[in-house]
Number of protein chains: 2
Amino acid sequence: MARPGDQTKARIVAAALESLHEEGILGASARAIAKRGDFNQGLIFYHFGSLTDLLLAAVDELSTQRADRYEQRLEEVSTLPELVRVAGELHREDMEQGHITVLSQMLAAAATDHTLRAPMRERFDPWIEIVERTIVRALGDTPYAQVVPAHDLAFAITSLFIGLELFLNLEDETERDDSGVFTTFELLGSMLQAMLTSLPPPAPA
Amino acid sequence: MARPGDQTKARIVAAALESLHEEGILGASARAIAKRGDFNQGLIFYHFGSLTDLLLAAVDELSTQRADRYEQRLEEVSTLPELVRVAGELHREDMEQGHITVLSQMLAAAATDHTLRAPMRERFDPWIEIVERTIVRALGDTPYAQVVPAHDLAFAITSLFIGLELFLNLEDETERDDSGVFTTFELLGSMLQAMLTSLPPPAPA
DNA sequence: GTCTATACTTGGATAGAC
DNA sequence: GTCTATCCAAGTATAGAC
């Protein structure tokens, strides 16, 4: 399956991810990426056609890297507050490895680059679905399954992931205090717990 | 107080805001801004010194524009779920007028441009404080005042504002459905309501 | 498949005439 | 305070030798 050139393509994608992480979308130029990966700049256009297509390939790489991990961790989840706790852990992993920076930078670019919009939506939909499916499974056959809007909740949680990253990045590395993130997710967890406890269960049939 | 040149400075700032909104940080170049405002490109550097300083001045303009409106609307708020409802309305206003696009684009830029970090943090802190003060006021002297982490909640709500904007921008204008936003804030409102109802009130002194 | 060299465009910023 | 003209660095992308 491995064709000649695949190794180079992988190197280019890796350098693109690194550039997006370290220098953001503003610094992810063809020249900067090539310099970082120590290969010739023209190779980007030979292998990917355009810089935009390389950046999208980088997002794809990230997605496949993380999809397994997410599925695996979320499978153990059986209650909603548990989901929030595991989501907090996954969020921390992604923050540490810079994944969310890459995604938020690409999302910001997609906000005004219309050619990026549809491709980025395609790449995010599966992630929202993973969260949504987990929510539905966590609710199981409890009476709340029909009351909680799973898709909207999944959408909100995913949005929170991205928003938190942008704000946490504002803090200085030296003074950064991770407790804020944990607190946020713990807060969300107890809110969900409370909501489920106090929601009037639908009338029995 | 109005010095000569102030009118031009205002025009430049207005054009910068427009550019950030329409073309994002990637399209907010000195030349593009000058073309949009129909003034000479050199004026940006004469009046603001650098493009970065102009963009920060644009964020300042936005902040002062909106601060009054926020204070005014949030003053009427006296319960936490009410806060969430009003926050949802303010979010809609900001979305419609493109303010959040401007902020999210600048936040994305600040993530990797270290010279933007401290200035952007300075400009966001007051906003988080406004939300935090409102939360504290809404909790008033209820027994929950000591249990709810007001700062973290304010931080999370503000992050959600930004994250939602980036995601909602992915949808096509034609197919965009605002109900998602409202649902998200209504959801948050009922979660808060539920949390307050079910939280064990602290033991009386 | 990979490299060098280059075409062409756009970017931030400044000098100097008005 | 504003304009024109210009410098120079950096951007995307391509042609052609190897």
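Numbered from 1 within each chain, the chains take letters A, B, ... in sequence-line order. Keep in mind that the numbers below use all heavy atoms, side chains included, and drop hydrogens, waters and symmetry copies.
A straight line from CZ of B:F48 to C1' of D:dT2 spans 15 Å, rounded to a whole angstrom. Between the CZ atom of B:F45 and the P atom of D:dC3 there is a distance of 15 Å, rounded to whole Å. In this structure, B:I33 atom CD1 and C:dA13 atom C1' are separated by 14 Å, rounded to whole Å. The distance between atom CG of A:D113 and atom C1' of D:dG11, rounded to the nearest whole Å, is 15 Å. Distance A:L51 CG to D:dT14 C1': 15 Å, rounded to the nearest Å. Residue B:R31 contributes atom CZ, which lies 12 Å from atom C1' of D:dT4 at whole-angstrom precision. The interatomic distance linking A:K35 (NZ) with D:dA10 (C1') rounds to 12 Å, in whole Å. Rounded to whole Å, atom C1' of C:dT14 lies 16 Å from atom NE2 of B:H47.
With sequence neighbours left out, the side-chain hydrogen bond (donor to acceptor under 3.5 Å, both in side chains) criterion links B:T115 to B:D113.
A salt bridge is absent between B:K9 and B:E61: the closest approach of a Lys/Arg side-chain nitrogen to an acidic carboxylate oxygen does not fall below 4.0 angstrom. Using a cut-off of 4.0 Å between Lys/Arg side-chain N and Asp/Glu carboxylate O, A:E22 and A:R36 are scored as not salt-bridged. Looking at A:R69 and A:E93, a side-chain N of the basic residue comes within less than 4.0 Å of a carboxylate O on the acidic one, giving a salt bridge.
Of the side-chain N and O atoms in A:S29, one or more sit less than 4.0 angstrom from OP1 or OP2 of D:dG11. For D:dT2, one of the phosphate oxygens OP1 or OP2 lies less than 4.0 angstrom from a side-chain nitrogen or oxygen of B:T8.
No side-chain N or O of B:R123 forms a donor-acceptor pair with one of B:S63 less than 3.5 Å apart.
Between A:W127 and A:Y70, the two ring planes are perpendicular [angle over 60°; tilted spans 30° to 60°].
Annotation: proximity of residues 36-44 of chain B to DNA chain D (heavy atom, distance under 4.0 Å) is found for B:N40, B:L43, numbered in ascending order.
Closest heavy-atom contact between A:I100 and A:E165: CG2-CB, 3.5 Å.
In this structure, the nucleotide among C:dG11, C:dG1, D:dT2 sitting nearest to the side chain of B:Y46 is D:dT2.
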